[in-house]
Amino acid sequence: MMSTKVRVWDLPTRFFHWSLLVCVVALVTSAQFGGEAMVWHFRFGYAVLSLLLFRLIWGVVGGRWSRFASFLYSPAAILRYIKGQGPSRPSIGHNPLGAVSVFALMGFLLLQVGSGLISDDEIAATGPLSKFVSNATVNLATFYHKDIGKLILIGLVVLHVGAILFYQFKKGENLVRPMIGGDKETLIVTPSSRDDASSRTLAILILLGCVTLVAWLVKQAG
């Protein structure tokens, strides 16, 4: 059978993916330095929040394989996949484990950013929304943000990278190349994700709207 190229990941999804990676690395790095670097820690945190809000919207209106509906699996389907009882053919978009990874990373990143917004280390870093919640909530958020959430995210990232390496060297499936170029070689006849000028323009408008919303939120808190 002849293989064919399918546009799996549209440009906005690829931009989100690599931008999020850069911001998360910058967040972890700036947190280790502390001091004046915390100014950038907050800025990267706002960037991550903007990106996550964008992805939530793009997961509904984006390209076919970027939509959450394309990789929503039941617990039973995920369990079958883990047991090796899933379809033998490669997935076009996210397979069941990939989907779990995506939702886990997004969920815990939202929780990490949210807890950071209401944290206060009582030294130099105070979340812009901390004044709107009780001291008990601030203390709980600070504890989670510094001592729990960070470790969970690092663990999820390590698992994510490990899964990429596993598929590359054990199954011969390169998961990185499609996230760079957008296309995937497949024997399966399937529609491509929409990735034209109009969809990219829509993505830019959505992202600008998310950035504006986060900036407004921070300004109101200041």
Side-chain angles (χ1 to χ4, degrees), residues 1-28 47-48 51-52 54-110 112 151-196 199-200 203 207:
M1 295 179 64
M2 294 291 293
S3 63
T4 182
K5 281 187 177 182
V6 174
R7 175 51 55 95
V8 179
W9 306 122
D10 52 48
L11 183 59
T13 300
R14 286 176 278 148
F15 171 81
F16 161 81
H17 181 275
W18 297 113
S19 297
L20 187 66
L21 172 62
V22 171
C23 288
V24 168
V25 171
L27 276 173
V28 174
V48 167
L51 288 169
L52 290 172
F54 163 79
R55 187 64 181 93
L56 289 174
I57 299 173
W58 199 245
V60 178
V61 303
R64 176 186 178 90
W65 301 107
S66 297
R67 296 188 181 192
F68 298 136
S70 72
F71 54 96
L72 281 176
Y73 297 94
S74 67
I78 296 171
L79 185 59
R80 286 196 301 270
Y81 187 85
I82 294 174
K83 292 180 177 180
Q85 300 172 354
S88 58
R89 64 186 186 183
S91 302
I92 299 300
H94 291 300
N95 60 46
L97 280 183
V100 171
S101 176
V102 168
F103 288 125
L105 278 169
M106 289 187 62
F108 278 103
L109 274 172
L110 282 170
Q112 186 70 358
L151 297 178
I152 291 176
L153 284 174
I154 291 175
L156 288 173
V157 170
V158 170
L159 287 175
H160 189 71
V161 173
I164 292 173
L165 295 175
F166 173 79
Y167 275 90
Q168 175 68 57
F169 295 107
K170 292 295 184 180
K171 294 195 172 186
E173 185 177 353
N174 191 319
L175 301 180
V176 177
R177 187 182 297 117
M179 191 55 75
I180 295 175
D183 297 331
K184 185 175 185 178
E185 292 280 350
T186 179
L187 299 175
I188 305 171
V189 178
T190 185
S192 293
S193 286
R194 182 183 178 187
D195 191 19
D196 53 22
S199 67
R200 293 176 181 182
L207 180 59

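Please read all numbers here as calculations on a predicted model, not as lab measurements.
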task: Starting at CD1 of Ile92, measure out to CZ of Arg64 and round the result to the nearest 0.5 Å.
output: 9.5 Å

query: Can you find a heavy atom in the side chain of Trp58 that is under 4.5 Å from one in the side chain of Phe16?
result: no

field: Exercise: identify the closest heavy-atom pair between Phe103 and Phe68
entry: CE2-CD2, 3.7 Å

- prompt: With distance as the sole test, does Arg14 use its side chain to make a donor-acceptor pair with the main-chain N or O of Met179 at under 3.5 Å?
  reply: no

statement: Gly93 and Val8 have their tightest heavy-atom pair at CA-CG1, 4.2 Å

field: Minimum heavy-atom distance between Ser66 and Thr13, given as atom pair plus value
entry: OG-OG1, 2.6 Å

field: Spacing of OH belonging to Tyr167 relative to CG belonging to Leu97, to within rounding of 0.5 Å
entry: 5.5 Å

- prompt: Between Trp9 and Lys184, is there a donor-acceptor pair closer than 3.5 Å when you use the side chain of the first and the backbone of the second?
  reply: no

message: I need the Phe15 CZ to Arg55 CZ distance, nearest 0.5 Å.
response: 13.5 Å

message: How close do Leu105 and Leu153 get, counting heavy atoms only, and between which atoms?
response: O-CD2, 4.3 Å

- prompt: Does some side-chain heavy atom of Leu175 sit less than 4.5 Å from a side-chain heavy atom of Gln168?
  reply: no

- prompt: Does any non-hydrogen side-chain atom of Thr4 lie less than 4.5 Å from one of Val189?
  reply: no

message: Pair Val100, Tyr73 - check side chain to side chain contact (heavy atoms under 4.5 Å, CB included), show working.
response: CA-CA 9 Å; Val100 171; Tyr73 297 94; over 6 Å; no

field: side chain to side chain donor-acceptor pair (under 3.5 Å) partners of Ser199, counting only residues at least two apart
entry: Asp196

message: Working to the nearest 0.5 angstrom, can you tell me the gap between Ile180 CD1 and His17 NE2?
response: 9.5 Å

field: Residues forming a side-chain contact (heavy atoms from CB on, under 4.5 Å) with Ile152, sequence neighbours excluded
entry: Phe108, Tyr144, Ile148, Leu156

- prompt: How many angstroms lie between CZ in Arg7 and OG1 in Thr190, if you round to the nearest 0.5 Å?
  reply: 14.0 Å

task: Could you check if a side-chain atom of Leu20 sits within less than 4.5 angstrom of a side-chain atom of Leu109, using non-hydrogen atoms only?
output: yes

message: Closer than 3.5 angstrom, by distance alone: can the side chain of Asp183 be matched with the main-chain N or O of Lys5 as a donor-acceptor pair?
response: no

Heavy-atom side-chain proximity of Met106 to Leu56 below 4.5 angstrom: yes

task: Return the orientation label for the His94 and Phe71 ring planes: parallel under 30°, perpendicular over 60°, tilted otherwise.
output: perpendicular

- prompt: Can you check whether Trp65's main-chain N or O pairs, donor with acceptor, with Ser193's side chain at less than 3.5 Å?
  reply: yes

message: Would you compute the distance between atom CG of Leu51 and atom CG of Leu21 and round it to the nearest 0.5 angstrom?
response: 11.5 Å

field: Derivation of the salt bridge (Lys or Arg N to Asp or Glu O under 4.0 Å) call for Glu185 and Arg177
entry: CA-CA 10 Å; Glu185 292 280 350; Arg177 187 182 297 117; over 6 Å; no

query: So which heavy atom on Cys23 is nearest to which on Val48, and how close?
result: CB-CG2, 3.5 Å

message: I'd like to know if the side chain of Ser192 reaches the main chain of Val6, judged simply by a donor and an acceptor atom lying under 3.5 Å from each other, with no hydrogens or angles considered.
response: no

